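What you see is a predicted model, and the numbers here were worked out from it, not measured in a lab.
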Amino acid sequence: MQKTLILIGVVLVLVGLAWPAIRRSGLGRLPGDFVFSGEHFSFYFPLTTSILVSLALTLLFWLFNR
């Protein structure tokens, strides 16, 4: 459990450090990411970005478990 928490913390720090490069790459503004804006609210659903992140994480976990 302790190793898992440390790993999650390290991953969060790495994502935080890489966030400026991730934003410049266009993730979060891809076709298929839905934005609904009203007069008093906005709703953002990053469908395509979620699928790409899921595929990347699946590939990484698959490679590390081999």
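- To the nearest 0.5 Å, the span separating CG on Leu47 from CG on Leu30 amounts to 10.5 Å.
- Tyr44 is linked by a side chain to side chain contact (heavy atoms under 4.5 Å, CB included) to Asp33, Val35, Pro46, counting only residues two or more places apart in sequence or in another chain.
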Can I get a per-line list of side-chain donor-acceptor pairs under 3.5 Å for residues 1-19, giving both atom names and the distance, sequence neighbours left out?
none

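- Note on residues 50-65: no pairs pass side-chain hydrogen bond (donor to acceptor under 3.5 Å, both in side chains), not counting sequence neighbours.
- Panel note: side chain Thr48, backbone Pro31; a donor-acceptor pair is recorded below 3.5 Å.
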